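Notes follow the structure.
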Amino acid sequence: MTIIIPLLLLLLLSAPPLFGQDSYAEFERGLGLSHSQKTQMDGIRNRYVDEWRTLKQESIRKRLELQELSKNPSANPEKMDKLRNEIGEIERSRNNLYNQYRGEVSRTLNKEQRERYNSFCDTEQRQKVRTFRPRRYGR
Amino acid sequence: MGDKKTILFPSLLFAILFLLIAITGYFQIGIIKENIENLLRGEGEIIYTHIRREIDINLEYLDLLERSPAIITPNFLNAMVSDEAILEDIYNLFSNTETADAGAIPLSSFAIIDPNGNVIFRKGDFTIPPASLKALLAKEQDTVLKMPAHKDPALVMGMWAKGRVVFFSIDEKELDLLRKKFVIKEVLEREERRFNVVGIKIYDEKGSPYLAIIDEKGKAFVLSKPLDSRFLPGHRMEVLISRELADDTMQRTTMSFIITLIFLAGSGAIGTFVIFILERRHEKKVGEMEKELALRERLVSLGRLASGMAHEIRNPLNAISLSVQRLKREFSPAEEKKKEYDQFLDIVRSELTRVDRIVEEFLLSTKANIPFSQEKLYTIVEEVLMVIKEKAASRNVEVRNNVHADIIIESQKDRLKQAFYNIVVNGVEAIQSKGVVELFTERHGEAVDVIIKDSGAGIKEENKGRIFEYYFTTKDKGIGLGLPISYIIIKDHNGDIKVNSEEGAGTTFVVTLPLKHNAEERGDKNG
C-alpha cells in the first residue's frame with residue numbers, strides 16, 4: 001500500500017494532460033529528437049519553407065488575378081480557367097513538396113520516432129483540424 | 001335558496017379543483033422552462049468548451065510556426081497558407097470600398113493611387129516601392145508582392161482594385177494579429193456550422209467586438225463567459241444558441257395547458273349545470289312523490305274512517321228503510337194527505353238510497369283485499385259502459401269503447417270497474433250538451449294505458465290539483481268521492497292516473513295499469 005500510492009501519484013504526474021496529448025508541443029517532446037536530428041530537421045525545414053514561400057507568393061498572385069477577372073463580366077473565361085488550373089497545380093506542387101519533406105524527415109528518424117510522427121500526422125489529417133481550409137477562388 | 005345551495009357546492013368544489021390544477025400547471029410550466037434553460041446552458045457550456053479548445057490548439061500552431069517548429073506537420077502547412085486568404089480578404093476589402101470610405105479599412109498603412117500615379121488616399125507612413133508602382137501603372141503586372149523576410153519583416157503588396165492602384169504595408173505585429181484573427185474566424189465559422197448555433201461573438205479586453213459570426217437573427221439563448229485562453233487574455237466569448245425549439249416546446253406546453261384548463265372549465269361548467277338540472281328534477285320528483293304520498297295517506301285514512309262509519313251507518317239505514325216501507329204500507333194517512341205523504345216517503349227513500357250508494361262506494365273503495373284475477377280489459381270497460389250508456393244517452397253523449405279486445409289484465413275486477421265507472425261518469429257529466437267519451441288503450445311492454453277522453457268543458461287551472469281530493473266537486477249534485485276513490489283503486493293496482501285538461505277542449509285521463517302483478521303485490525292486496 002505504501003508503494004502503490006506514491007507509484008500512482010508518479011504515474012499521474014508523468015502522464016501528459018488529456019488535451020496536451022493532441023498538442024504539437026507534447027508530440028515534439030515525446031519524439032525525443034537528438035541534437036544531430038534537430039540540426040538535420042532544421043536544414044530540411046528551411047529548405048522546404050523557402051520553396052513553400054515561393055509557391056505561396058505565386059498562389060496569392062494568381063488568386064488575386066483570378067479575383068480581379070471574376071469581377072469583370074467581359075473577362076476571358078479561358079484565361080480564368082487557365083488561372084484556376086494553375087492554382088490547382090500550385091496546390092498539388094505544395095502537397096507533393098510536403099510528401100517529399102515528410103519522406104526526408106522520416107529518413108532521419110528511427111523506427112519508433114517514425115511511427116510516432118506518422119501517427120501524429122495521420123491524426124491531424126483525420127481530425128481535419130483544417131483551420132486554414134483552401135477556398136474555391138473566383139467561383 | 002335551495003337552487004343556490006344546489007349550484008353553490010359543486011361550483012365551489014369545481015372552483016377549488018380548477019384553482020389547484022391551474023396553480024400546479026403554472027408551477028409545472030415554470031419547472032419545464034427552468035429545465036429548458038438549464039439544457040440550453042448545458043449545450044452552451046459544451047460548445048463554449050469545445051470552441052475555446054479549438055482556438056487554443058489552432059493558435060498554438062500559429063504561435064509555434066513563428067518560432068520555427070522542428071517538424072512541419074499538416075496543420076503547420078495549412079497555417080502557412082493563411083496569408084493567401086488574408087491577402088485575398090484585403091483585396092476584397094479594397095475592391096468593395098470607395099476611396100471616400102477608405103479610412104474605415106482596418107489597416108495601418110496603405111495608399112490609394114489613381115491610374116495617373118497620383119496618391120488620392122493615404123493612411124500611415126510607408127514607402128511605396130517606385131519600381132513596383134511603375135510596373136503596376138504600366139500594367140506590366142497585375143499584382144506585386146513582397147513577403148516578410150528576416151531583413152525586412154513587413155509584407156508589402158500592390159494591386160489593381162476597382163480601377164485604382166492600392167499599395168499596403170503590413171508589419172510583423174499587424175500581420176501576426178491578422179493571422180490570429182483569421183485563425184479564430186475560421187474556427188468560429190467551422191464550429192458555428194458544426195453545432196448549428198445562431199452565432200458566436202468574441203469581445204476584446206476592452207469589451208469592444210473583436211469577432212462575430214451571426215448566422216441568423218432571432219431570439220437566442222446567450223451564454224457569455226471569459227474566453228480564458230492564454231493567446232487571448234481578457235477576451236470574452238458569447239455563444240448564441242437558437243431558442244426556436246425551446247420556445248416552440250414552451251409554446252406548445254403552455255398551449256396544451258391552456259386548452260386543458262379551457263376544457264376543464266367547460267366540462268366543469270357543463271357538469272355543474274347538469275348537476276343543477278338533475279338536482280332540480282330530483283327535487284321536483286321528490287316533491288311530487290311527497291305530494292302523492294300525502295294525498296294517498298289522506299285518502300287512505302279518510303277512507304278507513306269513512307269505511308268504519310259506513311258500517312255503522314248501514315245498520316240504522318236498514319232500519320230506517322224498513323221503517324219507511326212499513327210506514328208506506330201500513331200507516332197510510334187519510335186520502336187528502338196520502339199523495340203528499342207518499343211524496344215525502346219517496347224523498348226519504350230516495351235519499352236513503354243515495355246514502356246507501358255512498359256507503360257502498362266507500363266500502364268498495366276500501367276493499368283492497370279482494371283477490372286478483374285475469375280479466376279481459378275490453379269486457380271490464382264494456383260492462384262499465386253498459387251501466388253508463390243509458391245515462392249518457394239521456395245527456396246526448398256517445399260513449400265509445402275502443403279498447404283493444406285482446407288485452408288481458410290481472411285485476412280486482414269489481415274495484416277496477418268502479419274506478420272506470422267514476423272516471424267515465426265524470427266525463428259524461430262534464431259534457432253540457434252533446435259530446436263523446438271515448439276509451440282506448442296503448443300498450444307499453446308490461447303495462448297498458450287506458451285513455452279516457454271526453455269532449456267536455458275541461459278542468460279549470462285552479463282545480464287541476466284538487467280533483468283527487470275527497471269531497472272536492474264542482475257539480476251541483478256531486479259528492480266529491482268518485483275520482484278520489486278511482487285514484488285509490490288505481491294505486492292499489494300499482495297503477496297511475498294522470499290528467500291532461502284544457503279549458504274548453506275536454507279532459508283526458510290516462511290510467512296506467514300493469515298487466516301482471518308479482519306474488520308479493522298480489523299477496524299485499526290479497527292480505
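Reminder, nothing fancy here: chain letters follow the sequence lines and each chain counts from 1. All figures in this text were calculated on a predicted structure; none of them were measured in a lab.
Across every non-hydrogen atom of A/Ala25 and B/Glu60, the tightest pair is CB-OE2, 3.9 Å. A/Glu68 and B/Trp160 make their closest contact through OE1-O, 3.2 Å (heavy atoms, listed as atom of the first residue, atom of the second, distance). Nearest heavy-atom pair across B/Thr143 and A/Leu64 is CG2-CB, 4.0 Å.
By the 6.0 Å contact criterion, NZ on B/Lys134 is open, its count of non-hydrogen atoms from other residues, nucleotides or ligands being 12 or less.
Counting heavy-atom pairs under 4.5 Å between each of A/Arg102, A/Gln37, A/Arg94 and chain B puts A/Arg94 at the top. Among the candidates A/Lys38, A/Arg61, A/Gln57, A/Glu65, the residue making the largest number of heavy-atom pairs closer than 4.5 Å to chain B is A/Gln57. Of the residues considered (B/Ile71, B/Asp83, B/Asp56), B/Ile71 shows the highest number of contacts with chain A, using heavy-atom pairs under 4.5 Å.
Considering CD of A/Glu58 and CG of B/Leu145, their distance stands at 10.0 Å, rounded to 0.5 Å.
By the side-chain contact (heavy atoms from CB on, under 4.5 Å) test, B/Pro74 pairs with A/Tyr98, A/Cys121, A/Glu124, A/Gln125, sequence neighbours left out. For B/Phe195, the ring-ring contact (aromatic ring centres under 6.0 Å, His included) test picks out B/His50, with sequence neighbours left out.
Using a 4.5 Å cut-off between non-hydrogen atoms, the part of residues 95-132 of chain B that approaches chain A consists of B/Ser95, B/Asn96. Contacts between residues 48-55 of chain A and chain B, counted as heavy-atom pairs separated by less than 4.5 Å, involve A/Val49, A/Trp52, A/Arg53.
Looking at A/Arg63 and B/Leu87, their side chains never come closer than 4.5 Å, going by heavy atoms from C-beta outward. Side-chain contact between B/Leu77 and A/Tyr101: absent, with no pair of heavy atoms (C-beta onward) separated by less than 4.5 Å.
Only the side chain of B/Leu64 has a heavy atom closer than 4.5 Å to any heavy atom of chain A. Using a 4.5 Å cut-off between heavy atoms, A/Leu31 contacts chain B through its side chain alone, with no backbone atom that close. The part of A/Arg45 that comes within reach of chain B is its side chain, from C-beta onward, which places non-hydrogen atoms under 4.5 angstrom from that chain. A/Glu28 touches chain B through its side chain: at least one heavy atom from C-beta onward sits under 4.5 Å away, while N, CA, C and O do not.
Ring geometry, A/Tyr24 versus B/Tyr61: the interplanar angle falls from 30° to 60°, so the pair is classed tilted.
No salt bridge links A/Lys56 with B/Glu84; every basic N to acidic carboxylate O contact stays at or beyond 4.0 Å.
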